[in-house]
Participant: 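Before I ask anything, let me first share the structure, which is written out below as structure tokens.
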Protein chains: 4
Amino acid sequence: MTGGKTVETSRVGRPRSEKTRLAILEAAADLLVEGGFSAITIESIAARAGVSKVTIYKWWPSRGSVAIDAYFHRFRQTLTFPDTGNVAEDLLAQMLILIGAFRGRAGEIMAELIGQAQSDPELADTIRTGWMQPRREVTALVIQRAIDRGELRPGLTIPILMDELYGPIYFRLITRYEPLSDEFAQELVRNTLEGVLSTRSSIK
Amino acid sequence: MTGGKTVETSRVGRPRSEKTRLAILEAAADLLVEGGFSAITIESIAARAGVSKVTIYKWWPSRGSVAIDAYFHRFRQTLTFPDTGNVAEDLLAQMLILIGAFRGRAGEIMAELIGQAQSDPELADTIRTGWMQPRREVTALVIQRAIDRGELRPGLTIPILMDELYGPIYFRLITRYEPLSDEFAQELVRNTLEGVLSTRSSIK
Amino acid sequence: MTGGKTVETSRVGRPRSEKTRLAILEAAADLLVEGGFSAITIESIAARAGVSKVTIYKWWPSRGSVAIDAYFHRFRQTLTFPDTGNVAEDLLAQMLILIGAFRGRAGEIMAELIGQAQSDPELADTIRTGWMQPRREVTALVIQRAIDRGELRPGLTIPILMDELYGPIYFRLITRYEPLSDEFAQELVRNTLEGVLSTRSSIK
Amino acid sequence: MTGGKTVETSRVGRPRSEKTRLAILEAAADLLVEGGFSAITIESIAARAGVSKVTIYKWWPSRGSVAIDAYFHRFRQTLTFPDTGNVAEDLLAQMLILIGAFRGRAGEIMAELIGQAQSDPELADTIRTGWMQPRREVTALVIQRAIDRGELRPGLTIPILMDELYGPIYFRLITRYEPLSDEFAQELVRNTLEGVLSTRSSIK
DNA sequence: CTCTAACCGAGACGGTACGTCTCGTCTTTTG
DNA sequence: CAAAAGACGAGACGTACCGTCTCGGTTAGAG
């Protein structure tokens, strides 16, 4: 996310052109939407943005980093999750918002970005810290509060519980085994909280 | 998985060389282990196997397909899962075997293959049908039997439950947020079955 | 002159395309005539010849070498110098033929090629062995015979005498101080043979 | 030689920095000596001189013009030729001085500059007027006096005679066919004056 | 003693060409 | 007819300089 940094201090020399920065992000985002990650080449971005290749290389280290910046630029979404105090409701709301974002082009592109990240550690890091981490923090907060209120088991490992919620969603996003429907999110959250044992056997 | 098919019918002309096929798979597997998916190029395989590029193109449609064939060739494992009749034990055993396989090089390579599959539908399909499906079928059987015995809730959607088990594992494989430890598998299976609500609130 | 070599032995693999070789030389020669040496870029040749850059790099080591090959391809001239037995006549004929070739585009281009050769030793060598040497050999022969016949001084250093003939011509070609006129050649040859001392002083 | 001009009129505004001008010429000369003309790039000069590119462009129109200025700055030599009244001695002295200057790095660089001048008319002009012309004028004077004294043939075309002297030297400098030895200069001057016909045939 | 015009550094930028890489196809000879 | 060898067109890579363009900060004579 190198290229995203704003020029803080006014230093000597010609300042960075904000117009150019935006033209690059817009061009990359367009290419991403139209042809997916494989359509992102430094040359195609440069040509579309009317910008020199060197300028792109100057501010971004790889095509992956331009792609993720362009993704955030285009699909930046608010993280305003509700906080009703009811853990089931809050978690479901969060999962529905994520699933909603992943239906449509944004989801396909995120899948490709995650795919690319498997052979681009820097991209992987940017996705983790720039995309997943903020969401996980909100979710962790909701879970922690529910533990504090005594709604959830105290011995719980929070990262594992979060993997139980996010894991299946990203698994579906990536394997496309089954659709990312609202019903899926509902049963996922319910199952995760209540378990899947039959009532009889749960009373031990 | 085109290249993996054995030559059944004896047709006219010079038969396909089995030695060549194996040389290609061994070379590709070596490259995969040494340098990951990005080290797999048709040219590098051809050079290493002492084989012409055209011969590879003749039997495999893409580098992804050679890679997955080479992966299966090198890391093929038995699917002999225990069947004790205890759903918790059986599921845990299955997850532990998968996690064990994913620790080490095989896991890293599978992550890369899944990554590549995001921009290679054919590779995605081969991974689903050749790798995931067999495991899911065994898991589905165990779950179905537990439902039949009344251990699990009858209304359960089996694919969702399987996503709850496999999803977090693949999520950790791909995001590398946290390690694929045995403890993780244990808590994952326990949480999935019993839920995470505190005992007090679960008696409603 | 690497690319000029003809494929002698019929070896395995696809043979070199003669059509491609000629297309490259024609394109390069056209560019040379139209825009001089600076118009010769590997990219422009490739574009004009409908050929890949790699193919050019495969057969020629530098743009200079393509240029000189293209020059010879386009301006190859016969070396049929007359041999009358009269040294003055023969030398003048040779110089007139060379000067004639250097008037017009071929001379301008040769000047540029010699210029480039100052920073490209390989090009320099090709010009020496492929262009100058054959002419010098013919000239050396004429001179040697004149020495044998007793027309020229026996103690003469032949290379120096040849430099006295060719040097002024190339000097004019390169500095453009004065035109390469036929009168120039006539006085040059006469002066070189007879000297410039006044008759009075020459009889010492 | 634009950049070499001294600031005559004192105009308003900050005057041109002499320190900067010298830093540029020194840097360029160093680069020229170390890596030849190809090492001369505006960027490398700017970096080495601690100067902005724009400042260089402001005072010199091209890299060729900086190069030639740097050459004169570093290798400026006196034009004090002896004038003994003996044409053979005087011409030989002049040629020996020139040949002496051309042995060593200065000659190699001059060859490269002349080479570059083939595709840079302005550079060609600067070399002619700034380097060759002063020498030719001295030589022309010596020749003219010899004609006046009756030592040389009256019908002689002086520029042609000068090309007979300078041409072979520059030819050797540029083609590196043979070394620029003192013996070469001696025989060159002698041959030029006396001719190469054998005594017998010269008396016709 | 301020004003102001020109100089100068640093560095961003669009552009052209470089030489390299790998792809997937094509065209031969060899077994 | 399979396979090896290798030529080839295509196109992106990342780099080097080009020449131009802001900027901010001198520097010295003119008012």
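So you know, we letter chains A, B, ... as the sequences are listed, proteins then strands, and number each from 1.
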Participant: Could you check how far CZ of R48(A) sits from C1' of dG15(E), rounded to whole Å?
Facilitator: 21 Å
Participant: Not counting sequence neighbours, which residues clear side-chain hydrogen bond (donor to acceptor under 3.5 Å, both in side chains) with S52(A)? List them please.
Facilitator: none
Participant: Hey, does the side chain of W59(D) come within less than 4.0 Å of dC8(E)'s phosphate (OP1/OP2), counting only N and O?
Facilitator: yes
Participant: So, is S17(D) close to the dT27(F) phosphate, meaning a side-chain N or O under 4.0 Å from OP1 or OP2?
Facilitator: no
Participant: At under 4.0 Å, does any side-chain N or O of T55(C) touch on OP1 or OP2 of dC8(F)?
Facilitator: no
Participant: Can you work out whether R14(A) or T20(A) has the more 5'-proximal nearest nucleotide on DNA chain E?
Facilitator: R14(A)
Participant: How many Å lie between CD1 on I45(D) and P on dC17(F), as a whole number?
Facilitator: 12 Å
Participant: Taking the nucleotide of DNA chain E with the closest heavy atom to each, which residue, G13(C) or S62(B), is nearer the 5' end?
Facilitator: S62(B)
Participant: If a protein heavy atom is under 4.0 Å from the base, mark B; if only from the sugar-phosphate, S; if neither, -; do that for nucleotides 17-23 of chain E going 5' to 3'.
Facilitator: SBBBBSB
Participant: Not counting sequence neighbours, which residues clear salt bridge (Lys or Arg N to Asp or Glu O under 4.0 Å) with E112(C)? List them please.
Facilitator: none
Participant: Take atom CZ of R16(D) and atom P of dA28(F), then tell me their distance rounded to the nearest Å.
Facilitator: 15 Å
Participant: Within a strict 4.5 Å, meaning less than it, do heavy atoms of the W60(C) and I24(C) side chains meet?
Facilitator: yes
Participant: Going by the rule ring pair (Phe, Tyr, Trp, His ring centres under 6.0 Å), which residues pair with F75(C) if we only count those two or more places apart in sequence or in a different chain?
Facilitator: Y71(C)
Participant: Provide, to the nearest angstrom, the distance between the CD1 atom belonging to I56(C) and the C1' atom belonging to dA10(F).
Facilitator: 13 Å
Participant: Could you name each residue pair satisfying salt bridge (charged side-chain N to carboxylate O under 4.0 Å, His left out) that touches residues 22-32 of chain B, not counting sequence neighbours?
Facilitator: E26(B)-R74(B), D30(B)-R48(B), D30(B)-R74(B)
Participant: List in chain and number order the residues that pass side chain to side chain contact (heavy atoms under 4.5 Å, CB included) with R63(A), two or more places apart in sequence or in another chain; answer none if no residue qualifies.
Facilitator: F37(A), I40(A), T41(A), I42(A)
